[in-house]
Chemist: 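Please see the structure below; I have some questions.
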Amino acid sequence: MYWTEFFIPTNKEIPADAKIPSHQLMIRSGMIKQESSGIYSWLPLGFKVLKKIEKIVREEQEKAGAIEMLMPTLQAVELWKESGRYDGYGKEMLKIIDRHNRFLIYGPTNEEQVTEIFRAFVKSYKNLPLNLFHIQWKFRDEIRPRFGVMRGREFLMKDAYSFDLNEEESKKSYYKMFISYIKIFKRLKINTIPVVADSGEIGGSLSHEFSIITNTGEGQVYCDKRLFDLELDNDDLNNLSDLERAVGNYTQFYSATEDKHNEKIFKEKVPEEFRLKGKAIEVGHIFSFGEKYSSPMKAYITNKEGKNVSVYMGSYGIGVSRLVAAIIEYSHDKKGIIWPNSVTPFHVGIINVQADNKECLKVIQEIKSEFEENNLEVLVDDRDESVGKKYADMDLIGLPYILTIGPRDIKEKKVDVKFRHTDTKENLSIEGAINRITSLAKEKTRS
RNA sequence: CGGAGCGUAGCGCAGCCCGGUAGCGCACCGGUCUGGGGGACCGGGGGUCGUGGGUUCAAAUCCCGCCGCUCCGACCA
């Protein structure tokens, strides 16, 4: 992709309304544009990242046995009255009246909807377990939206819903999702902390939040750093005891939110060098809530004995749009964003020092196609701008590998390579640079 | 929802207190020179001052209503 043929409206000025780094950087790098309080357009660069995160989430959820579908954004309020949540959720629900004077809501979540689908089609224990997920826009009419897409009113969320015959089976589904979440966050290169959580409005007994620690989150979290070094074996875990062991590996370490934190236990359990406390951004939340919805909504299944019983459910959310901001909070410097390879909008940025130098353009085109043959995405800054501006913009939008092509170096078939992650530069041969970056990018994109 | 503040060119702001027909930086357009970290010079374009009303000979400026946005607090992926 050439910069002049794409659309990246960058801005040098820090927008007055944006207070936290991710919000400022997303606006300055032309990823998003605010349309209303808590409502944003996703411009091409932001959209690319959003889609990449979405893809990773989808792949991992499917590996864990969840099946993708799509439910509508608008829901009839009747379902919410049936579950008893209509009053509980209250003003956060955006209500819409259609021309027939029917009340609809822009869904803040989909437990009711999916339960309705389930009860319409599934009648037998033989069809269980089942886990359905979708990635859909939600709307919660927050009292005070803030921090850009971190706490918007409209947001993209992956929500999965599990259906099981009984509590034990349901636990299995829950643990599978727990492990799947660990894998997702690993691929996104963010350290998340699973914290035992209140289940809030969703309700239920077993619940974990997955948070990342940054300077600008909301609410304190305390944890044991050793959590971050844990490795998952890649085997598919299918029986409860294996799953329990894998999850237990994580939950054995101390982690607590402010309200549940116990300084004494913290100090007993966690050696000083592993103690970590900071502000948390919640990026995922999983719940097991049994019959909370299936019972009032009569989502019954027939068990082996021929009896009708309420299905056991759980729900599992990931804030996809929030993750874009969360990753930036986690990975940026004064100059701009630093994307992990797995979600970067382009892997390689190429700066053309002299916009009208034909020889440079030719070399760039060759380098570009070679990267593209290796499935790396390339953005060539071919604008007729000063070099300084091009560097500043490249750093701002956060591409991991930045090549400088200029008349000085191409005579010797060399190129300057900047590694954004380490903020280091090397002068390499063109072939060497291509090989090096290709292997680095692939290695880091996988894992 | 309680408290505070803001709305003037695409962005960041000054002007408002003390009323007299709107300004700065960046961005943008044309040109010349440049080009290895936001380059220089010359020449240009662009604003119903959020909106409705009131006071006044005269309102960006004073008064009232409305709308929008932001910040601090209580709530949420």
Side-chain angles (χ1 to χ4, degrees), chain A residues 9-20 23-24 27-28 30 33-39 57 88-93 107-110 135-160 181 192 197-202 207-212 217-219 280-287 315-326 335-336 351-357 360 381 383-396 402-410 414-418 423 425 427:
Chain A
T10 59
N11 193 171
K12 192 161 137 182
E13 311 269 1
I14 297 173
D17 289 345
K19 305 298 169 194
I20 65 169
H23 190 192
Q24 293 173 352
I27 291 172
R28 289 189 49 216
K33 178 186 179 298
Q34 177 167 342
E35 301 298 356
S36 271
S37 179
I39 300 176
V57 171
Y89 234 95
K91 290 185 172 166
E92 286 210 344
M93 291 192 295
T109 177
N110 288 68
I135 299 172
Q136 176 64 293
W137 292 93
K138 308 278 191 293
F139 196 95
R140 292 185 193 168
D141 202 357
E142 298 282 344
I143 295 166
R144 186 154 89 82
R146 64 187 114 168
F147 303 150
V149 299
M150 186 83 84
R151 178 83 83 84
R153 294 194 291 171
E154 189 183 46
F155 57 98
L156 187 63
M157 180 172 161
K158 185 285 303 180
D159 39 331
Y181 274 36
T192 55
D198 284 327
S199 40
E201 202 50 61
I202 311 276
S207 178
H208 285 90
E209 284 172 18
F210 292 80
S211 291
I212 70 169
E218 323 166 62
I281 296 166
E282 188 184 336
V283 291
H285 201 155
I286 59 178
F287 307 85
S315 75
Y316 314 90
I318 286 184
V320 177
S321 51
R322 172 179 283 188
L323 271 169
V324 180
K335 293 175 189 164
I351 285 172
N352 185 10
V353 174
Q354 278 181 13
D356 54 359
N357 186 311
C360 288
D381 192 344
R383 293 174 299 172
D384 187 10
E385 293 285 356
S386 74
V387 185
K389 174 166 182 165
K390 296 189 202 184
Y391 279 121
D393 275 349
M394 245 351 146
D395 286 339
L396 177 62
I402 299 162
L403 307 193
T404 303
I405 304 292
R408 194 181 73 198
D409 279 345
I410 64 167
K414 293 195 116 183
V415 62
D416 252 357
V417 183
K418 174 170 174 177
D423 198 28
K425 283 183 194 168
N427 196 255

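Lettering of chains follows the sequences in order, A, B, ..., and the numbering in each one begins at 1. No hydrogens, no waters, no symmetry mates; every other heavy atom, side chains included, goes into these values.
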Chemist: Roughly how many Å is it from CD in A:Glu209 to P in B:C76, rounded to a whole number?
Modeler: 10 Å
Chemist: Which listed nucleotide (B:G38, B:G36, B:A77) is nearest to the side chain of A:Val387?
Modeler: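 Taking heavy atoms from C-beta onward, the closest nucleotide is B:G36.
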Chemist: Would you state whether a donor and an acceptor, one from the side chain of A:Arg28 and one from the base of B:G38, lie under 3.5 Å apart?
Modeler: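 Check passes, donor-acceptor contact within cut-off.
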Chemist: Starting from C1' on B:C13, measure out to CD1 on A:Ile14 and report it in whole angstrom.
Modeler: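 Value for this atom pair: 14 Å.
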Chemist: Roughly how far apart, to the nearest Å, are B:C6 and B:C17 at atom P?
Modeler: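 Here B:C6 and B:C17 have their P atoms 14 Å from each other.
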Chemist: According to the Watson-Crick and G-U wobble definitions, with both distances under 3.5 Å, which nucleotide is paired to B:C13?
Modeler: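 Result: B:G23.
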Chemist: Look at all strands and tell whether A:Gly317 reaches a base, only sugar-phosphate, or nothing, counting heavy atoms closer than 4.0 Å.
Modeler: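 Counting heavy atoms under 4.0 Å across all strands, no contact is made by A:Gly317.
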Chemist: What integer distance in Å separates A:Lys12:NZ from B:C13:C1'?
Modeler: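 Between C1' of B:C13 and NZ of A:Lys12: 15 Å.
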Chemist: If you only use heavy atoms from C-beta on, which nucleotide in B:C26, B:G35, B:G38 is closest to the side chain of A:Gln354?
Modeler: B:G35
Chemist: If you restrict it to nitrogen or oxygen atoms, what contacts under 3.5 Å exist between nucleotides 65-72 of chain B and the protein, and what is each distance?
Modeler:
{"from": "B:C69", "atom 1": "OP1", "to": "A:Ser37", "atom 2": "N", "distance (Å)": "2.8"}
{"from": "B:C69", "atom 1": "O3'", "to": "A:Gln34", "atom 2": "NE2", "distance (Å)": "3.3"}
{"from": "B:C69", "atom 1": "O2'", "to": "A:Asp17", "atom 2": "OD2", "distance (Å)": "3.2"}
{"from": "B:U70", "atom 1": "OP1", "to": "A:Gln34", "atom 2": "NE2", "distance (Å)": "3.1"}
{"from": "B:U70", "atom 1": "OP2", "to": "A:Ser37", "atom 2": "OG", "distance (Å)": "2.9"}
{"from": "B:C71", "atom 1": "OP2", "to": "A:Arg144", "atom 2": "NH1", "distance (Å)": "3.4"}
{"from": "B:C72", "atom 1": "OP2", "to": "A:Arg144", "atom 2": "NH1", "distance (Å)": "3.2"}
{"from": "B:C72", "atom 1": "OP2", "to": "A:Arg144", "atom 2": "NH2", "distance (Å)": "2.8"}
{"from": "B:C72", "atom 1": "N4", "to": "A:Arg144", "atom 2": "NE", "distance (Å)": "3.3"}

Chemist: Between the base of B:G37 and the side chain of A:Asp395, is there any donor-acceptor pair under 3.5 Å?
Modeler: yes
Chemist: Which is it for A:Leu156 and A:Ile135 under the side chain to side chain contact (heavy atoms under 4.5 Å, CB included) test, yes or no, and what are the steps along the way?
Modeler: CA-CA 7 Å; A:Leu156 187 63; A:Ile135 299 172; 3.9 Å; yes
Chemist: Do A:Tyr391 and A:Thr404 pass the side-chain hydrogen bond (donor to acceptor under 3.5 Å, both in side chains) test, and can you show the C-alpha distance, the side-chain angles, and the key distance before you say yes or no?
Modeler: CA-CA 9 Å; A:Tyr391 279 121; A:Thr404 303; 2.6 Å; yes
Chemist: Quick check for you: among B:C26, B:A27, B:C1, whose closest atom lies nearest to any side-chain atom of A:Lys389?
Modeler: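 The closest nucleotide is B:A27.
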Chemist: Is a donor-acceptor contact shorter than 3.5 angstrom present between the side chain of A:Glu385 and the base of B:G38?
Modeler: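 Such a pair does not exist between side chain and base.
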Chemist: Closest to the A:Arg408 side chain: B:G36, B:G25, B:C28?
Modeler: B:G36
Chemist: Using the side-chain heavy atoms of A:Ser386, tell me which of these nucleotides is nearest: B:A77, B:A74, B:G38.
Modeler: B:G38
Chemist: Could you label the plane-to-plane angle of the A:His285 and A:Phe287 rings as parallel, tilted or perpendicular, counting under 30° as parallel and over 60° as perpendicular?
Modeler: parallel
Chemist: Check every atom of B:C76, B:G35, B:G36 against the side chain of A:Asp409 and return the nucleotide holding the closest atom.
Modeler: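 Within the option list, the nearest is B:G36.
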Chemist: Look through every strand shown and name the nucleotide pairing with B:G37 as Watson-Crick or G-U wobble, where both distances are under 3.5 Å.
Modeler: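 Its partner is none (no Watson-Crick or G-U wobble pair with both distances under 3.5 Å).
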Chemist: If the C1' atom of B:U56 is compared with that of B:G3, how far apart are they to the nearest Å?
Modeler: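 Looking at atom C1' only, B:U56 and B:G3 are 35 Å apart.
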Chemist: Should B:C76 form a Watson-Crick or G-U wobble pair with both distances under 3.5 Å, which nucleotide is its partner?
Modeler: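 Per the H-bond distance test, none.
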Chemist: Identify whether the distance between the nearest side-chain nitrogen and carboxylate oxygen of A:Arg144 and A:Glu142 falls below 4.0 Å.
Modeler: no
Chemist: When only distance counts, do a donor and an acceptor, one from the side chain of A:Asp384 and one from the base of B:G35, lie under 3.5 Å apart?
Modeler: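 By the distance-only test, yes, there is a pair.
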Chemist: Do A:Lys425 and B:G37 share a donor-acceptor pair, side chain to base, under 3.5 Å?
Modeler: yes
Chemist: In whole angstroms, how far is the P atom of B:C76 from the CZ atom of A:Phe155?
Modeler: 13 Å
